[in-house]
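In what follows, residues are counted from 1 in the order of the sequence shown. Side chains included, hydrogens not; waters and symmetry mates left out as well; all remaining heavy atoms used.
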Amino acid sequence: LNPNPLIYGKVGNTNARLKARYTDSVETLRYGKNLDGYRLGAGVEYAGNSGYFGRLEYRYSDYGALKIGGVNTGVDVSRHQVVVAAGYRF
């Protein structure tokens, strides 16, 4: 592996679909909503001499407070992800 890693950061927009379902003995209620937010991330990549590379990345996405019908539910929606990747560049 190359002794000099590539360190990078990312900032961007993100979109996620929230789906919920509640079932009792009488009926089933379903709810769905698209959420928009922002994403922050950072990672490190190591490249080998033969075109192979490995990557480790952390991503944080924040979609803010969940509102249903304009009413704040008290639920803040966010996502934490860790990505481990390997590949080959040709």
Side-chain angles (χ1 to χ4, degrees):
L1 294 175
N2 187 338
N4 298 316
L6 170 66
I7 298 172
Y8 61 92
K10 58 172 55 177
V11 175
N13 184 53
T14 184
N15 179 272
R17 177 79 176 158
L18 174 71
K19 295 188 330 186
R21 182 177 70 195
Y22 173 78
T23 303
D24 64 12
S25 61
V26 178
E27 65 181 320
T28 298
L29 302 174
R30 289 183 173 85
Y31 178 77
K33 183 174 184 176
N34 284 327
L35 303 172
D36 291 311
Y38 66 90
R39 174 178 285 173
L40 303 174
V44 61
E45 180 177 306
Y46 292 93
N49 294 332
S50 59
Y52 290 98
F53 68 91
R55 179 182 300 163
L56 178 63
E57 180 176 309
Y58 171 75
R59 301 174 185 168
Y60 171 73
S61 301
D62 188 350
Y63 302 97
L66 177 62
K67 294 181 181 180
I68 299 176
V71 177
N72 191 344
T73 63
V75 175
D76 290 327
V77 183
S78 63
R79 177 186 300 172
H80 298 269
Q81 297 172 299
V82 176
V83 177
V84 177
Y88 178 76
R89 290 190 177 94
F90 52 94

Review point. Would Val11 end up clustered with Val44 when hydrophobic side chains under 4.5 Å apart are linked, directly or stepwise?
Key: yes
Check your understanding: Nearest 0.5 Å, what's the CD-OH distance between Glu45 and Tyr8?
Key -> 6.5 Å
Review point. Under 3.5 Å, is there a donor-acceptor pair between the Tyr88 and Ser50 side chains?
Key: no
Revision key, fill the gap. Interatomic distance, CZ@Arg39 vs CZ@Arg79, rounded to 0.5 Å, equals 6.5 Å
**Study point:** Transitive ILVMFWY side-chain link Val75 to Tyr22, under 4.5 Å
**Key:** no
**Study point:** Candidate pair Tyr31 and Leu29, rule side-chain contact (heavy atoms from CB on, under 4.5 Å), full reasoning
**Key:** CA-CA 7 Å; Tyr31 178 77; Leu29 302 174; over 6 Å; no
Practice item. Taking atom CZ of Arg21 as the centre, report whether more than 12 heavy atoms of other residues, nucleotides or ligands fall under 6.0 Å from it. Key: no
Check your understanding: Which pair of non-hydrogen atoms, one from Glu27 and one from Asp24, has the smallest distance, and what is that distance?
Key -> N-OD1, 2.8 Å
Point to revise | Rounded distance (nearest 0.5 Å) linking atom OG1 of Thr14 with atom CG of Asp36 | key: 8.5 Å
**Study point:** Hphob cluster co-occupancy, Val83 + Ile7, side-chain heavy atoms under 4.5 angstrom
**Key:** no
Review point. Rounded to the nearest 0.5 Å, how far apart are CG of Asp62 and CG of Asp76?
Key: 7.0 Å
Study note, to complete from the structure: Between Gly37 and Tyr63, the two heavy atoms sitting closest are N-CD2, 3.8 Å
Check your understanding: Okay, side chain of Thr73, backbone of Leu66: is any donor-acceptor separation there less than 3.5 Å?
Key -> yes
Point to revise | Side-chain (Lys33) to main-chain (Lys67) donor-acceptor, under 3.5 angstrom | key: yes
Study note, to complete from the structure: Smallest heavy-atom separation, Asn72 atom then Ala65 atom, equals OD1-CB, 3.9 Å
Practice item. Please identify each residue that fulfils side chain to side chain contact (heavy atoms under 4.5 Å, CB included) with Val82, with sequence neighbours left out. Key: Leu56, Tyr58
**Study point:** Val84 with Tyr60, same ILVMFWY side-chain cluster at under 4.5 Å
**Key:** yes
Practice item. To the nearest 0.5 angstrom, please state how far the NZ atom of Lys19 sits from the CZ atom of Arg17. Key: 7.5 Å
